[in-house]
Amino acid sequence: MTEALRDAVADGEATHPGLALRDVPVVFLSYDEPWADDFWHDLQQKAPRALRVHNVKGLDACHKAAARAAGTDWFLTVDADTVVEPAFFDLTVPATYLSHTCRVDWASRNDVNGLLYGNGSVKLWPRRMVMAMRTHEAAPKGRLSVDHDIGKDRTGTLRVQMPGCFSVTRPAESAFHAFRCGFREGARLGMVPNLARPQDFGRLAGEWKAQHLKTWCSVGAHTPHGAWVMYGSRLGLWMLHAGDWDVRVINDYTWIDRFWSQMILPRFVPGGSRCPYTGAQWDAGLLAAELAALGRRIEALLDFELVEFPPETSRLMVATQGAAFSPSHIDTLGYMHLKGMGVTRDLVAARELFETGLLMNLSGSYNNLARMHEQGLMPDADLQQAIRLFESAITLGNAFAPYHLAQVLLRRDPLSEDDRARAAALIRLAAERGYAPTDISANGTG
């Protein structure tokens, strides 16, 4: 970039068409990841002039080392657990964002839980921002910093997330790194300003944070080390709120390493599961039991419910959810198991998912579980329970439940005039809510 363009950009007057990423130095950041060399060689194939910063302790320090290695006004960083698509380097960043106060991000997809956001993202940094920031281990005394703090009013900086996803982050290649990643993210996402009481967390966390936390804590059982990601996430969230704990230690990798080797892993050995990178062994059954127990403790402390998904359901969650876990996916997956849509039909799994949906007040789960009772698809099927569930679904605004309850009423023998009138009213209600099959009639024929 020319000196004139740099000056124009600094003054907010740039008219340059933008910055081609193929011309920007890309720096690979690695620390202790045993797979880092393989990912580094992959990046070199796509960006032959890529640079590497390795084993620099401290997240603030390693980014400053990257800025020095690049030696340019702007540079890209790629984390050691992230794989970038070749098409990324064909992009151009508009000049609007080429300011020393603006960092540009591209969200990365997490291959354990399917989340698509800033964790593991590829970033375009202005050198001046990096050299001026004081975050993580370099934060001023007394200031809590568990992230780069970009975009916070106190720093006067801006973070822009660009459209599109051009990378995947793979944080669970080893058991230890899976735990560390989950532990850090669970604690980081668990921070809610001005939280007076732990039990207010579920109410005050906000939809985005709640969805992302639930995903970190509940999705991943289908991957080799996904249980460690979930356990780390739950433990980080629990420790943040259960006592007087200095959350800043999540930035101290030496502390986390000792915590893992002295306090965490010994609780689950010996066992038959083994990490191919580190040789660590653990008992998967003990880990699953502790994961569930920790979920119950979190629910009791924070009024924040977590779900235990079996591997097949977890895999489907990642395949279908797109960017973030939404409670409605529980009902969708239950319906897939109920109908055998894309998965083996499993009525037990369907029932478990619908019953979980009831806890989240999902009208579809009330309706679908009622249908299972109505159709006798469970050993303890109960028509009266089906009617109660349909009534609840109707109250919650479900479009289908009025019609299904109407059909239950119309099958009564003898059919009373009150039942016939109620069924007609329910059919009209279903139509008003958008569900009006052409073969519906108020007398049960058609």
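FYI, side chains are in, hydrogens and waters are out, and symmetry mates aren't considered; it's all heavy atoms of this structure. Please read all numbers here as calculations on a predicted model, not as lab measurements.
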Under the side-chain contact (heavy atoms from CB on, under 4.5 Å) criterion, do Met133 and Asp60 qualify, and how do the steps go?
CA-CA 8 Å; Met133 70 184 184; Asp60 189 88; 3.8 Å; yes
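- Proximity of Leu29 to His63: side-chain heavy atoms (C-beta onward) are separated by under 4.5 Å at one or more points.
- Closest approach of Gln211 to Thr215, counting heavy atoms only: O-OG1, 2.8 Å.
- Between Ser121 and Trp106, the closest side-chain pair of non-hydrogen atoms is not below 4.5 Å.
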Run the side-chain contact (heavy atoms from CB on, under 4.5 Å) test on Arg127 and Thr72 for me, step by step, so that the C-alpha distance in whole Å, both residues' side-chain angles and the decisive distance to 0.1 Å come before the verdict.
CA-CA 7 Å; Arg127 174 186 173 89; Thr72 51; over 6 Å; no
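- Smallest separation of non-hydrogen atoms from Ala205 and Lys209: O-CB, 3.5 Å.
- For the residue pair His100 / Asp73, no side-chain donor-acceptor distance below 3.5 Å is found, with atom types taken as modelled.
- A distance of 8.0 Å separates NE2 of His225 from OG of Ser273, quoted to the nearest 0.5 Å.
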Take Glu308 and Arg296, measure what salt bridge (charged side-chain N to carboxylate O under 4.0 Å, His left out) needs, and give me the verdict at the end.
CA-CA 11 Å; Glu308 313 301 324; Arg296 292 191 293 271; over 6 Å; no
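- Judged by distance alone, with hydrogens and angles left aside, the side-chain atoms of His241 form no donor-acceptor pair with the main-chain N or O of Pro198 at under 3.5 Å.
- No more than 12 heavy atoms of other residues, nucleotides or ligands lie within 6.0 Å of OH in Tyr335, so this atom counts as exposed by the packing criterion.
- Residues Leu338 and Leu347 have side chains in contact (heavy-atom distance under 4.5 Å, counting atoms from C-beta outward).
- Judged by distance alone, with hydrogens and angles left aside, the side-chain atoms of Arg103 form no donor-acceptor pair with the main-chain N or O of Val130 at under 3.5 Å.
- No donor-acceptor pair closer than 3.5 Å links the side chain of Thr82 to the backbone N or O of Val78.
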After noting the C-alpha distance and the side-chain angles of Glu391 and Arg388, does the key distance pass the salt bridge (charged side-chain N to carboxylate O under 4.0 Å, His left out) rule?
CA-CA 5 Å; Glu391 294 282 12; Arg388 288 190 290 269; over 6 Å; no
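- One N or O on the side chain of Arg234 and one on the backbone of Cys217 form a donor-acceptor pair closer than 3.5 Å.
- Side chain of Arg433 to main chain of Asn398: a donor-acceptor pair is present (N/O by atom type, distance under 3.5 Å, no hydrogens or angles).
- Of the residues Tyr253, Trp245, Phe183, Phe176, the one that meets the ring-ring contact (aromatic ring centres under 6.0 Å, His included) test with Phe259 is Phe183.
- Atom CG of Asn194 is surrounded by 12 or fewer heavy atoms from other residues, nucleotides or ligands within 6.0 Å.
- Although no hydrogens or angles enter the test, the distance criterion places a donor-acceptor pair under 3.5 Å between the side chain of Asp331 and the main chain of Ser365.
- Side-chain contact between Val112 and Trp216 is absent, with no heavy-atom pair separated by less than 4.5 Å.
- Between Thr313 and Glu352 the shortest side-chain heavy-atom distance does not fall below 4.5 Å.
- Between the Asp79 side chain and the Asp81 main chain, no donor and acceptor come within less than 3.5 Å of each other.
- Classification of the Tyr435-Phe400 ring pair by plane angle, with boundaries at 30° and 60°, yields perpendicular.
- At least one side-chain heavy atom of Val84 sits less than 4.5 Å from a side-chain heavy atom of Phe89.
- For the atom pair CG of Leu306 and NZ of Lys214, the computed distance is 6.0 Å after rounding to the nearest 0.5 Å.
- Looking only at side-chain heavy atoms (C-beta outward), Thr395 and Ser363 stay at 4.5 Å or farther from each other.
- Of all non-hydrogen atoms in Tyr277 and Glu173, the two that sit nearest each other are CD1-O, 3.4 Å.
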Can you check salt bridge (charged side-chain N to carboxylate O under 4.0 Å, His left out) on Lys57 and Asp32, steps first, answer last?
CA-CA 10 Å; Lys57 186 176 181 180; Asp32 61 359; over 6 Å; no
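- Inspection of the Trp125 and Thr77 side chains reveals an N or O donor paired with an N or O acceptor under 3.5 Å.
- Leu358 CG to Tyr366 OH: the interatomic distance, rounded to the nearest 0.5 Å, is 4.5 Å.
- Glu33 has its side chain within reach of His177: a pair of non-hydrogen atoms, C-beta onward, lies under 4.5 Å apart.
- Phe179 and Trp228 have perpendicular rings, their planes meeting at more than 60° on a 0 to 90° scale where under 30° would count as parallel.
- Ion pairing between a basic and an acidic side chain is recognised when a charged N comes within 4.0 Å of a carboxylate O; Glu312 and Arg315 show no such pairing.
- Between the CE atom in Met263 and the CZ atom in Arg258 there is a gap of 12.0 Å [rounded to 0.5 Å].
- If you take CZ on Arg180 and CD1 on Ile264, they are separated by 14.0 Å, rounding to the nearest 0.5 Å.
- The aromatic rings of Tyr117 and Trp208 stand perpendicular to each other, their planes meeting at an angle above 60°, with 30° marking the opposite boundary.
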For side-chain contact (heavy atoms from CB on, under 4.5 Å), just list the numbers for Leu237 and Phe201, CA-CA rounded to whole Å, side-chain angles, deciding distance to a tenth of an Å, and then say yes or no.
CA-CA 11 Å; Leu237 177 61; Phe201 178 83; 4.0 Å; yes
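- Note that the CZ atom of Arg109 and the CG atom of Leu116 stand 5.0 Å from one another [nearest 0.5 Å].
- The two residues Val56 and Ala65 come nearest to each other via the heavy atoms CG2-CB, 4.3 Å.
- Counting only distance, with no hydrogens or angles, the side chain of Arg345 and the backbone of Lys339 share no donor-acceptor pair below 3.5 Å.
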Assess whether side-chain contact (heavy atoms from CB on, under 4.5 Å) is satisfied between Asn251 and Arg184, documenting all intermediate values.
CA-CA 8 Å; Asn251 294 328; Arg184 298 186 71 248; 3.2 Å; yes
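- A distance-only check finds no donor-acceptor pair linking the side chain of Ser30 to the backbone of Ala80 [under 3.5 Å].
- Closest of all the heavy-atom pairs between Val318 and Asn113 is CG2-C, 3.6 Å.
- Scanning both residues, Cys62 and Val53, for their nearest heavy atoms gives O-CG1, 4.1 Å.
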